[in-house]
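The structure under discussion appears below in the form of structure tokens.
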Amino acid sequence: MKLAIPILMLCIIAIAATACLHPSGIEDEMIECNLTLIGDCERVLSYDEIRAIPSCEGRGGFFTTVGIVNGPFECKGVSLEYLCDLVGGINATDTVRICASDGYLMVFTRDQVRGDFVTYDPATMREVPHTEPEVMLMYEQDGSPLSADAGGPLRVAIVSNDKLLTEGHYWVQWVDTIEITK
Amino acid sequence: MKATPIVVLVLITAVIVATIFLLDNPEKTELMVVHAGSLVIPFAEMEKQFESQNPGVDVQMEGHGSIQAVRQVTDIRRAVDVLVVADENLIPDMMYPAYADWNVRFATNRMVLAYTNRSRYAGVINGSNWYEILARPDVMFGFSNPMLDACGYRTLMVAQLAESYYDNQTIFRNLIACNFDPTVSILRDGDTTTAVVPEILEPQSEKVVIRGGSVQLLALLELGEIDYTFEYRSVSEQHGLRFVELPPEIDLSSPDNEATYEKVGVDLGFQRFTSVGTRRTGKPIFYAITIPKDAPHPELALEFVEFVISEEGQGVLQEMGQPTVPPVADNPDKMPDGLRGAASTEIAMPLDYTESHAEG
């Protein structure tokens with residue numbers, strides 16, 4: 001019976017660890033969504049097809065209208081520019097419309113698709129330049145599939161090798177369509 | 001006896017779990033209040049006061065741009081108990097009849113030009129020369145992106161109204177149009193004008209700075225990286241800033257000037273929300289409050305609304321620099337019984353502002 005105590009404690013630790021390891025409570029195989037890309041041609045990608053594209057990673061966070069900071073997070077996803085290239089790419093004067101399933105829309109320039117944003121230091125909230133910021137369509141946040149509460153399964157994220165913040169308006173949640181307009 | 005250690009361990013674990021649970025859930029009722037971003041400071045005080053009078057309530061305050069605030073209910077379908085917006089028209093336009101059917105006007109605001117003692121020409125700027133000061137080559141100023149923030153498109157309205165008020169048809173061009181590429185153009189139709197915002201609004205020099213909202217602009221102002229920013233008077237006062245008061249004919253504060261305000265509008269470059277169009281028309285600034293039809297705690301929400309529009313609540317708002325108006329209901333018949341007596345149906349005039357921080 002002396003073993004009972006450590007066994008019980010191990011069980012408790014295991015239960016707690018399980019909860020920590022899967023905070024979103026989502027398994028990859030449960031996720032079903034389609035992403036429509038519109039450019040010179042139109043393509044529809046499934047979640048699995050998006051996951052099969054070479055991924056990129058970085059750290060980034062955002063702040064809300066009233067200055068509440070979210071993140072920075074460890075973000076994993078696919079490059080927005082790569083997705084645009086799948087339907088013909090973006091020219092200098094094109095804009096990219098990112099549409100969400102809740103009716104939200106944000107428009108990006110080509111420079112913004114390539115990471116040209118005002119960036120902020122999370123500690124001071126001062127504007128500071130960051131090296132090589134990148135815009136991605138994120139599907140994993142802090143090692144877990146992106147939950148609907150966090151804007152998943154697909155959400156815009158602006159990341160770099162540093163910890164940076166950008167305005168939350170650009171972190172479009174629940175993305176379902178990306179359209180290049182001439 | 002052999003089972004005793006297990007029983008003890010289980011009991012200890014249960015106590016620990018129960019303690020953690022109770023600490024996280026102190027059996028308080030959570031009241032979700034979603035409010036306009038410009039109310040963040042006064043509503044933080046409202047939260048404190050309401051909770052002190054209602055110890056069993058945990059008010060959860062959440063600030064958004066007003067359209068985003070409404071969308072939390074209509075598009076995102078979150079459980080919201082009380083909704084407060086900085087444009088009273090949004091509630092009937094976006095929520096009636098499915099999500100709400102009444103609102104109470106309770107506060108107002110006005111557009112000002114905020115600055116600090118370090119701002120260039122801080123000693124000479126006033127309500128008569130502000131547009132000349134801003135146009136000087138060495139002056140930098142900012143405003144929030146009209147696509148993203150009501151204060152931004154209201155800035156474009158102020159610039160249009162200024163042309164008529166000062167009888168100077170170059171103000172919009174000198175302050176706004178010439179500083180953007182592609183430009184913000186003006187369409188004139190009789191005595192009405194509309195500022196047409198391009199899809200992408202990019203300054204073509206460092207003279208004008210555009211950011212998503214007040215938070216970023218106030219930081220730049222306080223760091224001395226810009227000299228002036230267009231802002232709500234309440235926000236300027238809450239941050240201890242100096243500000244130029246603009247004439248009521250252009251500052252969007254006065255119901256007396258509603259007909260004048262309606263002569264200007266803004267067409268936004270793209271439809272950011274499916275549920276709201278791209279046209280914004282000049283109107284006096286009035287804040288309104290409502291309880292969504294599917295509020296999870298309607299009775300508690302009613303108590304909170306009663307508190308906000310009560311004499312006591314209005315006093316709290318005024319102390320925090322938020323100007324109020326006597327509460328006015330649009331559809332008293334649809335309101336909960338407890339509120340009908342608290343709000344009139346007559347058009348109210350704004351209370352006088354204090355002059356403590358006003359530019360003389």
Side-chain angles (χ1 to χ4, degrees), chain A residues 1-9 11-13 15-16 62-69 93-113 116-121 124-128 148-149 151 165-174 179 181-182, chain B residues 1-6 8-10 12-13 16-17 35-41 43-44 61-69 71-72 74-78 144-145 147-149 182 198-202 209-216 218-220 223 225 269-276:
Chain A
M1 285 309 293
K2 284 182 181 174
L3 279 175
I5 295 172
I7 288 170
L8 189 58
M9 291 183 77
C11 288
I12 293 169
I13 291 166
I15 291 166
F62 63 91
F63 55 92
T64 68
T65 303
V66 295
I68 294 171
V69 174
T93 56
D94 293 346
T95 55
V96 177
R97 293 175 164 241
I98 314 278
C99 309
S101 58
D102 69 329
Y104 186 87
L105 165 72
M106 185 53 72
V107 178
F108 291 67
T109 62
R110 184 180 70 169
D111 288 345
Q112 287 176 322
V113 169
D116 182 18
F117 285 92
V118 177
T119 53
Y120 298 80
D121 184 314
T124 63
M125 286 297 286
R126 289 193 176 187
E127 294 183 10
V128 284
D149 286 345
L165 297 181
T166 42
E167 293 180 2
H169 313 286
Y170 298 106
W171 287 60
V172 182
Q173 306 183 82
W174 311 302
E179 181 179 4
T181 55
K182 304 292 179 188
Chain B
M1 289 299 288
K2 285 181 181 176
T4 305
I6 299 172
V8 169
L9 189 61
V10 168
I12 290 171
T13 306
I16 291 170
V17 169
H35 61 77
S38 54
L39 291 171
V40 65
I41 291 178
F43 266 58
M61 289 287 181
E62 193 173 293
H64 293 273
S66 289
I67 291 174
Q68 278 286 45
R71 291 181 73 248
Q72 300 302 309
T74 58
D75 292 344
I76 303 175
R77 307 306 303 269
R78 291 180 61 201
S144 49
N145 191 330
M147 297 300 308
L148 306 176
D149 184 23
E199 189 174 50
I200 299 292
L201 189 64
E202 279 191 298
V209 171
I210 295 288
R211 292 291 181 270
S214 294
V215 170
Q216 302 93 297
L218 294 177
L220 291 175
L223 288 169
E225 294 185 16
F270 61 89
Q271 190 168 355
R272 186 169 163 229
F273 309 104
T274 307
S275 44
V276 189

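All of these numbers come straight from a predicted model, not from anything done at the bench. Each chain gets a letter, A, B and so on, in the order the sequences are listed, and its residues count up from 1.
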For this session: In sequence, state the C-alpha distance, the side-chain angles, and the governing distance for Gln68(B) and His169(A), and then conclude on side-chain contact (heavy atoms from CB on, under 4.5 Å).
Result: CA-CA 10 Å; Gln68(B) 278 286 45; His169(A) 313 286; over 6 Å; no

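- Of the two parts of Arg71(B), only the side chain, counted from C-beta on, holds a non-hydrogen atom closer than 4.5 Å to a non-hydrogen atom of chain A.
- Per-residue heavy-atom pair counts under 4.5 Å with chain B were compared for Val107(A), Thr181(A), Thr109(A), Thr65(A), and the maximum is reached by Val107(A).
- Here the CD1-CD distance, from Ile68(A) to Glu62(B), works out to 7.0 Å after rounding to the nearest 0.5 Å.
- Contact of the Leu148(B) side chain with the Met106(A) side chain is registered, since non-hydrogen atoms from C-beta on lie closer than 4.5 Å.
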Exercise. Should Tyr104(A) and Ile76(B) be marked as a side-chain contact (heavy atoms from CB on, under 4.5 Å) after you check the CA-CA gap, both sets of side-chain angles, and the distance that decides it?
Worked result: CA-CA 10 Å; Tyr104(A) 186 87; Ile76(B) 303 175; over 6 Å; no

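- A search for side chain to side chain contact (heavy atoms under 4.5 Å, CB included) contacts involving Arg110(A) returns Ile90(A), Ala92(A), Arg114(A), not counting sequence neighbours.
- Looking at Glu225(B) and Arg126(A), their side chains never come closer than 4.5 Å, going by heavy atoms from C-beta outward.
- Taking chain A as the reference chain and counting heavy-atom pairs below 4.5 Å, the highest number among Ser144(B), Gly37(B), Ser275(B), Gly212(B) is found for Gly212(B).
- The candidate with the highest count of non-hydrogen atom pairs below 4.5 Å against chain A, out of Leu223(B), Asp75(B), Val40(B), is Leu223(B).
- Residues satisfying the side chain to side chain contact (heavy atoms under 4.5 Å, CB included) criterion with Gln271(B), sequence neighbours excluded, are Thr278(B).
- Contact count versus chain A (heavy atoms, under 4.5 Å) is highest, among Glu202(B), Arg77(B), Glu199(B), for Glu199(B).
- Leu220(B) has its side chain within reach of Glu127(A): a pair of non-hydrogen atoms, C-beta onward, lies under 4.5 Å apart.
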